Number of protein chains: 2
Amino acid sequence: MITSIVPDHQEADSRRRIMDVAAELFLERGVDGGSLRQIAELAGMKAGSIYYHFASKNDLLVAIFERGIAVMVDAFDEATATGAELSAHQRLAAHVRAHLGALYENGPYTAAHVTAFRTAPPAVREAVVPSRDRYEAMWTTLIAELVAADALDAEATDGVHRLLLFGAMNTSVEWFDLERGTLDALARAITQQFWSGLALNPQEAA
Amino acid sequence: MITSIVPDHQEADSRRRIMDVAAELFLERGVDGGSLRQIAELAGMKAGSIYYHFASKNDLLVAIFERGIAVMVDAFDEATATGAELSAHQRLAAHVRAHLGALYENGPYTAAHVTAFRTAPPAVREAVVPSRDRYEAMWTTLIAELVAADALDAEATDGVHRLLLFGAMNTSVEWFDLERGTLDALARAITQQFWSGLALNPQEAA
DNA sequence: GTCTATACCACGATAGAC
DNA sequence: GTCTATCGTGGTATAGAC
């Protein structure tokens with residue numbers, strides 16, 4: 001095992017370890033349910049030491065939520081970045097899959113953000129709102145493009161259907177288990193429900 | 001104004017008032033964010049007095065969640081009870097509207113259950129699981145009937161699509177505002193998305 | 001049925017040694 | 001960078017007067 005030559009990475013490592021265990025705890029027990037004492041214990045230190053890395057619990061929350069949003073944004077960008085020519089349906093499917101990947105395949109940050117945000121202190125919520133809005137705008141743009149390409153009903157542009165899609169994707173953290181199903185299958189189910197619904201004879205919808 | 005003849009309803013009234021303000025508080029701030037001191041103040045009494053009506057905060061939580069589930073169950077039953085002959089699409093629409101009614105038109109109980117359940121203590125969650133399961137079973141049966149009537153894709157019977165529908169309906173408490181939109185319109189949007197999707201040319205879905 | 005008073009504990013946060 | 005020790009606050013819950 002080779003020891004790094006640069007001075008020492010303890011600070012960055014510890015900061016990250018705190019965030020990792022804290023995000024997991026907030027995801028499971030909520031903002032108020034996860035205490036700094038528990039976080040410290042899981043991170044292998046004492047509660048007071050956390051304050052070397054974060055000025056307050058609120059600061060730690062903001063850092064975690066911002067990271068959760070950054071993970072979503074990165075996933076969105078990567079889904080777009082495939083050089084291939086994609087159909088409208090394929091584009092939507094790729095972004096749904098990417099969002100689910102952010103929720104389940106890149107640490108607990110996005111899932112913690114989605115579940116714990118609503119009970120965070122107002123100051124924390126306000127701090128991350130701009131980043132949240134930026135991610136939502138990416139989806140608004142995507143859906144507008146699909147509508148403009150004559151792929152989707154213009155009704156989708158009013159935002160409600162985007163929010164319903166978010167609801168379906170995000171609430172999956174309450175019941176989806178990676179060990180009992182694949183993300184690809186879940187993404188297909190969500191995309192299908194959004195795209196063409198489940199009716200055998202859709203025209204029945206008077 | 002006539003005063004009741006029976007001894008006095010103070011106990012039942014106070015108990016209900018505590019539950020009302022507590023449900024609202026749990027809905028807004030989460031289980032740990034709503035303290036018995038705040039609840040007592042909103043209910044017009046002191047914290048210690050709550051213990052005359054509930055043995056513990058957990059007991060209060062269970063009572064609130066159970067009531068939230070009962071409100072959903074009642075709404076479901078009433079949606080079914082219309083004597084009229086309904087098409088499959090109309091039946092689904094009626095039940096979606098009823099579920100939204102439980103979330104928004106019958107007090108904060110169902111909304112509190114939907115948002116605060118996940119961070120409640122394990123003992124509380126376990127206590128209400130049977131009631132939750134009973135409500136979910138009602139939906140499972142409904143969807144199975146729609147599938148059997150050749151109205152829905154058999155895929156809907158695996159449960160995933162029911163959970164996605166729940167996610168779309170329940171997450172609306174995060175963004176839907178009764179003063180800026182009607183429940184009827186929201187119910188139509190959700191039903192349409194579930195039933196026939198948003199694609200103009202669904203067959204594109206390869 | 002509600003009050004006052006209080007026990008006991010866990011919380012977030014700070015100060016200063018090492 | 002982490003520790004120990006501690007402060008002040010606010011949490012749930014209980015006892016007993018009224």
Side-chain angles (χ1 to χ4, degrees), chain A residues 3-4 6-23 25-26 28-65 112 116 119-125 127, chain B residues 3-4 6-26 28-65 116 119-125 127:
Chain A
T3 302
S4 170
V6 291
D8 80 76
H9 285 293
Q10 273 306 100
E11 169 162 6
D13 284 357
S14 286
R15 185 184 158 93
R16 178 57 182 274
R17 210 166 58 247
I18 291 166
M19 287 178 66
D20 280 348
V21 300
L25 209 55
F26 293 146
E28 257 166 51
R29 309 213 199 286
V31 164
D32 296 299
S35 74
L36 295 182
R37 282 167 160 84
Q38 293 170 68
I39 292 165
E41 188 178 287
L42 291 170
M45 58 177 64
K46 299 299 179 182
S49 307
I50 292 178
Y51 287 86
Y52 177 83
H53 302 280
F54 299 93
S56 66
K57 184 175 181 177
N58 277 5
D59 272 32
L60 171 58
L61 279 168
V62 170
I64 287 171
F65 290 159
T119 55
V124 171
R125 292 203 304 265
Chain B
T3 302
S4 171
V6 291
D8 78 75
H9 285 294
Q10 273 305 99
E11 169 161 6
D13 285 356
S14 286
R15 185 184 158 93
R16 178 57 182 273
R17 210 167 58 248
I18 291 167
M19 287 178 66
D20 280 348
V21 300
E24 199 114 37
L25 207 55
F26 293 146
E28 257 165 50
R29 307 215 200 289
V31 164
D32 296 299
S35 75
L36 295 182
R37 290 205 229 268
Q38 292 171 69
I39 292 166
E41 188 177 290
L42 291 170
M45 58 175 66
K46 299 298 179 182
S49 307
I50 292 178
Y51 286 86
Y52 176 80
H53 302 279
F54 298 94
S56 66
K57 184 175 181 178
N58 277 5
D59 271 31
L60 171 57
L61 279 168
V62 170
I64 287 172
F65 290 158
T119 56
V124 171
R125 292 202 305 267

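Lettering of chains follows the sequences in order, A, B, ..., and the numbering in each one begins at 1. The structure presented is a predicted model; accordingly, all values stated were derived computationally and were not measured.
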Within the 4.0 Å limit for protein heavy atoms, which parts of nucleotides 12-18 of chain C are touched? Write it as a string from 5' to 3', B for base, S for sugar-phosphate only, - for none.
BBB----
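A:Lys57 and A:Asp32 make their closest contact through NZ-CA, 4.3 Å (heavy atoms, listed as atom of the first residue, atom of the second, distance). What you find for A:Ala23 and A:Ile64 is that their closest heavy atoms are N-CD1, 3.7 Å.
The distance between atom CZ of B:Arg17 and atom C1' of C:dT2, rounded to the nearest whole Å, is 11 Å. Summarising the geometry, the separation between CG on B:Leu60 and P on D:dG11 is reported as 15 Å, rounded to the nearest angstrom. The CG atom of B:Leu25 sits 10 Å away from the P atom of D:dG11 (whole-angstrom rounding). To the nearest angstrom, P of D:dG10 lies 13 Å from CD of B:Glu41. Computed from coordinates, the B:Lys46 NZ to C:dT4 C1' distance equals 10 Å when rounded to whole Å. What separates CD1 of A:Ile50 from P of D:dT4 is a distance of 14 Å, to the nearest Å. When rounded to the nearest whole Å, the span between NE2 of A:His53 and C1' of D:dT2 equals 8 Å.
Under the side-chain contact (heavy atoms from CB on, under 4.5 Å) criterion, B:Ala63 pairs with B:Arg15, B:Met19, B:Phe54, sequence neighbours left out. Looking at residues two or more places apart in sequence or on another chain, you find a side-chain contact (heavy atoms from CB on, under 4.5 Å) between A:Asp20 and A:Arg16, A:Tyr109.
Within 6.0 Å of the CZ atom in B:Arg125, the count of heavy atoms belonging to other residues, nucleotides or ligands exceeds 12.
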Run the side-chain donor-acceptor check on residues 36-49 of chain B: report pairs under 3.5 Å with partners two or more places apart or on a different chain.
unit_1, atom_1, unit_2, atom_2, d
B:Gln38, NE2, B:Gly33, O, 3.4
B:Gln38, NE2, B:Ser35, OG, 3.2
B:Ser49, OG, B:Lys46, O, 3.4

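The phosphate of D:dC3 has OP1 or OP2 within less than 4.0 Å of a side-chain N or O from A:Ser49. Neither OP1 nor OP2 of C:dA10 sits under 4.0 Å from any side-chain N or O of A:Gln38.
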